[in-house]
Amino acid sequence: LPDRVMALSRGLPGRLRVAAAVTTGKVADEILRHARLTSTEMIVMGVDQHAPINPIFAEVAVGAGCPVLAVPVLGRDRHRAPTRLVCAVEFTSASLVAADYGMLLARRLAAQLAIVHVVPEQWDVELGSEKDLRDDREVAEEHARRYLRLALRDREDERRRDIDQVVVTGCPCVEIVRLANTTDAGMIILGRDDR
């Protein structure tokens with residue numbers, strides 16, 4: 001395996017430093033241990049986009065002290081630095097750290113960034129008229145837009161023209177993926193808190 005990794009790295013442009021290690025043990029634990037020992041700044045893992053979430057990836061994503069990048073298995077020629085990013089925020093400190101990270105990454109990649117907040121649909125309240133629901137949704141979205149502007153106001157990149165602030169209503173996971181698909185985003189950034 002190390003020979004195969006080193007062979008892959010030989011075709012890369014520039015002076016990229018590549019090292020390979022082989023160990024035994026529980027896969028997620030060993031990845032996390034190696035990341036801590038080497039002061040890794042990002043863990044990159046391949047994922048099958050048509051399969052359920054890989055439990056090893058989930059364990060690494062939850063236990064890592066650094067960002068974890070999930071790269072879907074695409075055609076060999078389709079992997080390139082993303083030009084469009086989507087970052088989801090819910091106004092927790094973890095999601096705002098993710099917004100900071102998204103802004104930094106967008107600046108370094110010269111990429112377009114959409115910061116999105118999804119107002120969850122409320123199904124547990126007594127349904128009123130369709131007009132009342134539409135009015136409530138508009139009020140909730142306007143409050144979220146105002147809060148998003150306030151949350152990002154003091155961040156240095158907030159006024160950049162290549163950052164869009166988006167607020168929609170719906171199921172968060174569905175709406176985040178929908179926005180990523182409609183904008184042809186190459187990456188979705190999510191914050192993870194320690195809970």
Item to check | Residue list, side-chain hydrogen bond (donor to acceptor under 3.5 Å, both in side chains) with R36, at least two apart or on another chain | outcome: none
Checklist entry - If you round to the nearest 0.5 Å, how far is CG of L105 from CG of D100? => result 12.5 Å
Item to check | Side-chain heavy atoms of L148 within contact of L152, under 4.5 Å | outcome: yes
Checklist outcome for this item: Output for pair (L37 CG, L32 CG), nearest 0.5 Å, gives 11.0 Å
Checklist entry - Which heavy atom of A111 sits nearest a heavy atom of P82, and at what distance? => result CB-O, 3.7 Å
Checklist entry - Can you check whether T83 reaches Q112 side chain to side chain, under 4.5 Å on heavy atoms? => result no
Item to check | Distance, nearest 0.5 Å, that separates NZ of K26 from CD1 of I31 | outcome: 11.0 Å
Checklist entry - Are R178 and N181 close enough that some pair of their side-chain heavy atoms sits under 4.5 Å apart? => result no
Checklist entry - With side chains defined as the heavy atoms from C-beta onward, is the minimum distance between R84 and M187 less than 4.5 Å? => result no
Item to check | Pair T169-E121, side-chain contact (heavy atoms from CB on, under 4.5 Å): steps then yes or no | outcome: CA-CA 6 Å; T169 299; E121 290 276 16; 3.7 Å; yes
Checklist outcome for this item: In I189, I163, L96, V167, the residue satisfying side chain to side chain contact (heavy atoms under 4.5 Å, CB included) with I115 is I163
Checklist entry - Sequence neighbours excluded, which residues qualify as ring pair (Phe, Tyr, Trp, His ring centres under 6.0 Å) partners of F91? => result H117, Y147
Checklist entry - Tracing side-chain links under 4.5 Å among I, L, V, M, F, W and Y, which residues wind up in one group with V166? => result V86, V116, V118, V168, I176, L179, I188, L190
Checklist entry - So, the side chain of T92 versus the backbone of S95: is there a donor-acceptor pair under 3.5 Å, distance only? => result yes
Item to check | Shortest non-hydrogen contact between V119 and A140, atoms and distance | outcome: CG1-CB, 3.9 Å
Item to check | Test salt bridge (Lys or Arg N to Asp or Glu O under 4.0 Å) applied to R145 and E141, step by step | outcome: CA-CA 6 Å; R145 275 187 206 89; E141 286 181 0; 3.5 Å; yes
Next on the checklist: Nearest 0.5 Å, please: how far is CZ in R33 from OG1 in T38?
Outcome noted: 10.0 Å
Checklist entry - Under 4.5 Å between any side-chain heavy atoms of E59 and V27, yes or no? => result no
Next on the checklist: Is there a path of hydrophobic side-chain contacts, each under 4.5 Å between heavy atoms of I/L/V/M/F/W/Y residues, joining V44 to V62?
Outcome noted: no
Checklist entry - When rounded to the nearest 0.5 angstrom, what is the spacing between CG in L113 and CD in Q165? => result 9.5 Å
Checklist entry - Does I43 reach the side chain of V60, with side-chain heavy atoms less than 4.5 Å apart? => result yes
